[in-house]
Amino acid sequence: MTVDGGELRKGQIRQANEALILGAGERVFARAGFNGATMAEIADEAGLPKANLHYYFGSKQDLYRAVLARTLHDWLVPMDSLVPDADPRSGLESYIRAKMAMSVQRPDASRVFANEMLHGAPVLGELMRGELRTMVRRKAAVLDAWIAAGRMAPVDTTHLFFTIWAATQTYADFDVQVRAVLGRETLGPRDQARAAEHVVGLILRGCGL
């Protein structure tokens, strides 16, 4: 079965518009929260007619759910570096650096996620109890096997993930606090590199790597 050029073009336009809307929703939800955000404001942020938002996502609730689901998915992808035959140091370092990079590149995604958690995860709770829980169990088992083989120090592998999330996401969620203490208007590349080296080194040393 083949897809003609018109259908392919339509699919590309749809993907581009969905990405544009999700990005705009991420920024507006981070600023205003779910209750404070409006579809009109998100449409303005995206530079698209409001009707386009409802065409692609139906309602503000649907868009909010899609923003959260995309964030969770994008956070899970870097865990692919944690596989049984990987070098423990390289695998963990790759994962931590990817999470640090996301805090720099998409801080609003982290803030929307944090706000959802602070409100009891009414939208994301089921997804976390399913996809996230399954992934953490699978990857914790990989780390447990590394420990059993003497390839890294004994740690509580499930709580290690909580530590990584807290250490990396704080640079997005509490950016204001970090900048205030460092005396910065913004965190530049040197600040970001310093933070990444600190978090990576601290966690790897804790794992005996």
Side-chain angles (χ1 to χ4, degrees), residues 19 22-23 26 30 65-118 121 123-175 177-179 182 187-209:
L22 287 168
E26 195 169 277
R65 186 186 303 275
V67 166
L68 287 168
R70 182 178 75 154
T71 298
L72 183 57
H73 171 267
D74 291 349
W75 280 351
L76 291 179
V77 168
M79 296 177 85
D80 289 345
S81 65
L82 305 175
V83 293
D85 59 352
D87 173 67
R89 180 184 179 88
S90 297
L92 281 169
E93 180 173 356
S94 175
Y95 175 55
I96 297 165
R97 288 192 184 280
K99 287 289 281 97
M100 288 293 291
M102 288 187 68
S103 286
V104 171
Q105 295 161 7
R106 288 175 56 198
D108 288 332
S110 185
R111 291 167 191 149
V112 176
F113 190 91
N115 195 45
E116 168 74 2
M117 298 302 100
L118 290 172
V123 172
L124 207 54
E126 184 177 345
L127 195 58
M128 290 194 303
R129 289 187 291 270
E131 184 179 356
L132 179 61
R133 186 181 187 187
T134 298
M135 177 65 83
V136 170
R137 284 183 168 181
R138 185 182 307 134
K139 297 306 180 179
V142 171
L143 271 59
D144 285 334
W146 289 346
I147 292 169
R151 301 178 67 194
M152 61 180 279
V155 295
D156 186 315
T157 53
T158 299
H159 282 272
L160 176 62
F161 285 111
F162 299 153
T163 300
I164 292 171
W165 299 342
T168 56
Q169 288 163 228
T170 194
Y171 289 95
D173 303 342
F174 294 94
D175 168 73
Q177 175 179 269
V178 174
R179 288 189 289 107
L182 294 178
L187 295 180
R190 291 184 65 180
D191 298 310
Q192 294 158 3
R194 175 186 173 191
E197 292 305 318
H198 167 73
V199 174
V200 167
L202 188 67
I203 293 174
L204 291 183
R205 285 193 297 273
C207 294
L209 298 170

Enquirer: With side chains defined as the heavy atoms from C-beta onward, is the minimum distance between Tyr171 and Asp191 less than 4.5 Å?
Expert: no
Enquirer: State whether the side chain of Thr134 and the backbone N or O of Gly130 hold a donor-acceptor pair below 3.5 Å, judged by distance alone.
Expert: yes
Enquirer: At what distance, to the nearest 0.5 angstrom, does CZ of Arg151 lie from CG of Leu143?
Expert: 10.0 Å
Enquirer: Heavy atoms only: give me the nearest Thr71-Ala109 pair and the separation to one decimal.
Expert: OG1-CB, 3.6 Å
Enquirer: With side chains defined as the heavy atoms from C-beta onward, is the minimum distance between Cys207 and Leu92 less than 4.5 Å?
Expert: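 Cys207 vs Leu92: side chains touch.
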Enquirer: How close do Asp173 and Ala114 get, heavy atom to heavy atom, and via which atoms?
Expert: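 Shortest heavy-atom separation between Asp173 and Ala114 comes out as OD2-CB, 3.7 Å.
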Enquirer: Quick one, Met100 with Gln105, criterion side-chain contact (heavy atoms from CB on, under 4.5 Å). Give me CA distance, side-chain angles, the key distance, then yes/no.
Expert: CA-CA 9 Å; Met100 288 293 291; Gln105 295 161 7; over 6 Å; no
Enquirer: How far does CE of Met152 sit from CG of Asp144, to the nearest 0.5 angstrom?
Expert: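 Output value for this atom pair is 8.5 Å.
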Enquirer: With a 3.5 Å cut-off and sequence neighbours excluded, list the donor-acceptor pairs that the side chains of residues 158-168 form with protein atoms.
Expert:
{"from": "Thr163", "atom 1": "OG1", "to": "His159", "atom 2": "O", "distance (Å)": "3.1"}
{"from": "Trp165", "atom 1": "NE1", "to": "Tyr95", "atom 2": "OH", "distance (Å)": "2.8"}
{"from": "Thr168", "atom 1": "OG1", "to": "Lys99", "atom 2": "NZ", "distance (Å)": "3.4"}
{"from": "Thr168", "atom 1": "OG1", "to": "Ile164", "atom 2": "O", "distance (Å)": "2.8"}
{"from": "Thr168", "atom 1": "OG1", "to": "Trp165", "atom 2": "O", "distance (Å)": "3.3"}

Enquirer: Atom NE2 in His198, atom CD1 in Ile203: separation rounded to 0.5 Å?
Expert: 8.5 Å
Enquirer: Considering only heavy atoms from C-beta outward, does the side chain of Met117 approach that of Leu124 to under 4.5 Å?
Expert: yes
Enquirer: Show every ring pair (Phe, Tyr, Trp, His ring centres under 6.0 Å) that has at least one partner inside residues 71-91, sequence neighbours left out.
Expert: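 Every ring pair (Phe, Tyr, Trp, His ring centres under 6.0 Å) pair that includes a residue of residues 71-91, provided the two are not neighbours, is Trp75-Phe113.
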Enquirer: Do you know the tightest heavy-atom contact between Val142 and Pro84?
Expert: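 Taking Val142 first and Pro84 second, the nearest heavy atoms are CG1-N, 3.8 Å.
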Enquirer: What heavy-atom pair brings Ala30 and Val112 nearest, and what distance separates the two atoms?
Expert: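 Looks like N-CG2, 3.4 Å.
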Enquirer: Going from CG on Asp175 to OG on Ser103, what distance comes out if it is rounded to the nearest 0.5 angstrom?
Expert: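 Separation between the atoms: 10.0 Å.
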Enquirer: For Leu22 versus Ala66, what's the shortest heavy-atom pair and its separation?
Expert: CD2-CB, 3.7 Å
Enquirer: Run the side-chain contact (heavy atoms from CB on, under 4.5 Å) test on Met135 and Glu131 for me, step by step, so that the C-alpha distance in whole Å, both residues' side-chain angles and the decisive distance to 0.1 Å come before the verdict.
Expert: CA-CA 6 Å; Met135 177 65 83; Glu131 184 179 356; 5.6 Å; no
Enquirer: Nearest heavy-atom pair of Ser81 and Gly91: which atoms, and what distance?
Expert: OG-O, 3.0 Å
Enquirer: Apply side-chain hydrogen bond (donor to acceptor under 3.5 Å, both in side chains) to Glu26 and list each qualifying residue two or more places apart in sequence or on a separate chain.
Expert: Arg70, Arg106
Enquirer: Kindly write out the residues that satisfy side-chain contact (heavy atoms from CB on, under 4.5 Å) with Gln177, not counting sequence neighbours, or none if the list is empty.
Expert: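 Result, side-chain contact (heavy atoms from CB on, under 4.5 Å) vs Gln177: Phe174.
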Enquirer: Could you check whether any side-chain heavy atom of Val178 comes within less than 4.5 Å of a side-chain heavy atom of Leu187, counting everything from C-beta outward?
Expert: yes
Enquirer: Among residues at least two apart in sequence or on other chains, which ones pass side-chain contact (heavy atoms from CB on, under 4.5 Å) with Arg89?
Expert: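 Expected list: Asp87, Glu93, Leu204, Leu209.
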Enquirer: Whether Glu116 and Arg111 form a salt bridge (side-chain N of Lys/Arg under 4.0 Å from carboxylate O of Asp/Glu) is what I want to check.
Expert: no
Enquirer: So, using side-chain contact (heavy atoms from CB on, under 4.5 Å) as the criterion, who are the partners of Arg194 when residues are at least two apart?
Expert: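 Arg194 satisfies side-chain contact (heavy atoms from CB on, under 4.5 Å) with Leu182 only.
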